[in-house]
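Below: the structure, in structure tokens.
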Amino acid sequence: EHPILASLREKLVRCNDAKSMTANCRNEAVVICNALKHGHFGETGLSKIYGNRFRMADQNTLKACLEVCKPAMVDNIICIAALMSSGRKYKRNQIQYLIQTAYAGFNGAKCEILHRSLYSTQARTIYECDHKQLLHVLQNEILNAQALQTIDAEDRKLFLQFFTDNKLSGNDLQLMNKKEFGTKMVEFGGKNKLHGAASKVWRQLKDYAANGQANSDEDEKQQNEAAADKETNMVLPKLKRVVVHTGNWGCGAFGGNLELHAILQFVAAVAANVDELWYHAVDENSMMAVFNARDTLLEEIYPNCKDKKGKMNCERLYEQLLQRGYLWGRSNGT
């Protein structure tokens, strides 16, 4: 469904980001964003080619089961690995591993989507300004501001030479703080007077990039006086709802207990503040097990695990699950 993923490992290896990745990453998750989906296998077609059957299927069978996506869809994928069946009762460390892994995946997706949502709603920032734009602003607006009239002509040239030689971009300034910027100016100019003026230049460049204009000291004073009022009336960016689609995780080839794994995913989704969880149970037997998991969690486990504030205590949760003696199943051969 996602041909682009075939190139992902090669890209990571080329960037030396895959050296620490192994086939047995513990308590870790990988979130892949913006993967183009060019094909879709429906429920009927997927049952014919799932797992090892995919490897054995010929091209005609695959084409018959595939629905081409035109245009291509964009998917965000959570990659988490469960544990292999031990054939016995679940142990505490196994339950802890599974819930931590599920939480890592769901929380990783939540954080990634929120980060992208916040970044996309930001106003034009200094990050987007290249060094030529900043040099133009510095020469034509900021160095002409009344607050910086104490800088003589030679010092002005020094400022401009500093930006020209270092080719500072908006990204460079975004990563600096005022002290770092001032220190670099002193190292370049060798004058203490430049250090004080540099902090004003740095601040006003940031203001310009955010607001499209340079602010004098008087403007800044007025802005500071109104800051408290603005904070109370601040309009926050509209954040995206995070919806996670999951299913019988670890209950196929790995032989996990479907009811237990459903409970652990429900708890992990709540802990990660996922807005909505869609559980795809595949068949009626699986659906009944998921409903039992939901009822058991809400009616039996949660009442015995919550504290006075209604929050679930992890130690009590593990105890409740161990008392129920959940058993590992067998691999379905997929």
Side-chain angles (χ1 to χ4, degrees), residues 1-15 17-18 21-25 28-82 84 101-102 104-117 119-120 240-256 258 261-262 265 268-269 272 274-287 289-290 331-334:
E1 294 184 338
H2 304 81
I4 190 66
L5 297 184
S7 304
L8 180 58
R9 183 180 183 278
E10 285 75 7
K11 173 65 176 178
L12 292 174
V13 171
R14 192 176 298 116
C15 297
D17 290 335
M21 297 183 183
T22 67
N24 187 29
C25 293
E28 295 183 2
V30 175
V31 179
I32 303 173
C33 295
N34 301 323
L36 291 179
K37 181 177 181 179
H38 293 281
H40 173 71
F41 292 104
E43 183 177 339
T44 303
L46 189 61
S47 63
K48 299 177 181 178
I49 59 170
Y50 185 74
N52 291 326
R53 295 178 183 176
F54 184 87
R55 179 170 57 89
M56 304 298 294
D58 56 33
Q59 289 189 6
N60 291 332
T61 301
L62 294 177
K63 289 180 179 179
C65 298
L66 180 67
E67 300 174 18
V68 178
C69 299
K70 291 184 177 180
M73 301 172 62
V74 177
D75 277 348
N76 300 314
I77 305 171
I78 300 172
C79 307
I80 50 177
M84 181 65 74
T101 302
F106 296 165
N107 187 60
K110 176 84 175 183
C111 292
E112 186 67 30
I113 298 302
L114 288 183
H115 171 76
R116 289 163 55 196
S117 177
Y119 181 79
S120 65
K240 293 182 178 180
R241 284 172 52 81
V242 177
V243 179
V244 172
H245 291 257
T246 189
N248 302 334
W249 173 58
C251 300
F254 285 4
L258 203 155
H261 284 224
Q265 289 189 86
V274 170
D275 297 301
E276 196 171 329
L277 184 71
W278 283 60
Y279 197 107
H280 302 268
V282 182
D283 55 41
E284 289 189 10
N285 291 334
S286 298
M287 189 179 300
V290 174
S331 172
N332 63 4
T334 58

Looking only at heavy atoms, which two atoms of Cys33 and Glu112 are closest? And how far apart? SG-CG, 3.2 Å
Hey, could you give me the OG1/CD1 distance between Thr246 and Ile78, rounded to the nearest 0.5 Å? 7.5 Å
Heavy-atom pair with the smallest gap, counting every atom of Leu258 and Ala289: CD2-CB, 3.7 Å
Any chance you could lay out the side-chain contact (heavy atoms from CB on, under 4.5 Å) test for Val31 and Ile77, step after step, and finish with the verdict? CA-CA 6 Å; Val31 179; Ile77 305 171; over 6 Å; no
dist Thr61:OG1 -> Leu66:CG (nearest 0.5 Å) comes out at 12.5 Å
Interatomic distance, Met287 atom CE to His280 atom NE2 [nearest 0.5 angstrom]: 11.0 Å
Within 6.0 Å of CD in Glu276, more than 12 heavy atoms from elsewhere: yes
For Ile80 against Gly105, the heavy-atom pair lying closest together: CG2-CA, 3.8 Å
Check against side-chain contact (heavy atoms from CB on, under 4.5 Å), Asn76 and Ile32: CA-CA 6 Å; Asn76 300 314; Ile32 303 173; over 6 Å; no
To the nearest 0.5 angstrom, please state how far the CG atom of Asn332 sits from the SG atom of Cys251. 9.5 Å
Test your reading of the model: is there a side-chain donor-acceptor pair from Asp275 to the backbone of Val242, 3.5 Å cut-off? yes
Exceeds 12 heavy-atom contacts within 6.0 angstrom, atom CZ of Phe54: no
Over 12 foreign heavy atoms within 6.0 Å of CD, Glu284: no
What is the minimum heavy-atom distance between Phe254 and Ala82, and which atoms define it? CE2-O, 3.4 Å
For Ala281 and Ser286, which heavy atoms make the closest approach, and how far apart are they? O-CB, 2.8 Å
I'd like to know if the side chain of Gln265 reaches the main chain of Asn248, judged simply by a donor and an acceptor atom lying under 3.5 Å from each other, with no hydrogens or angles considered. no
Rounded to the nearest 0.5 Å, what separation is found between the NZ atom of Lys37 and the CD atom of Glu1? 4.0 Å
Interatomic distance, CG@Leu62 vs CD1@Ile49, rounded to 0.5 Å, equals 5.5 Å
Please check if atom CG in Leu8 has more than 12 non-hydrogen atoms from other residues, nucleotides or ligands closer than 6.0 Å. yes
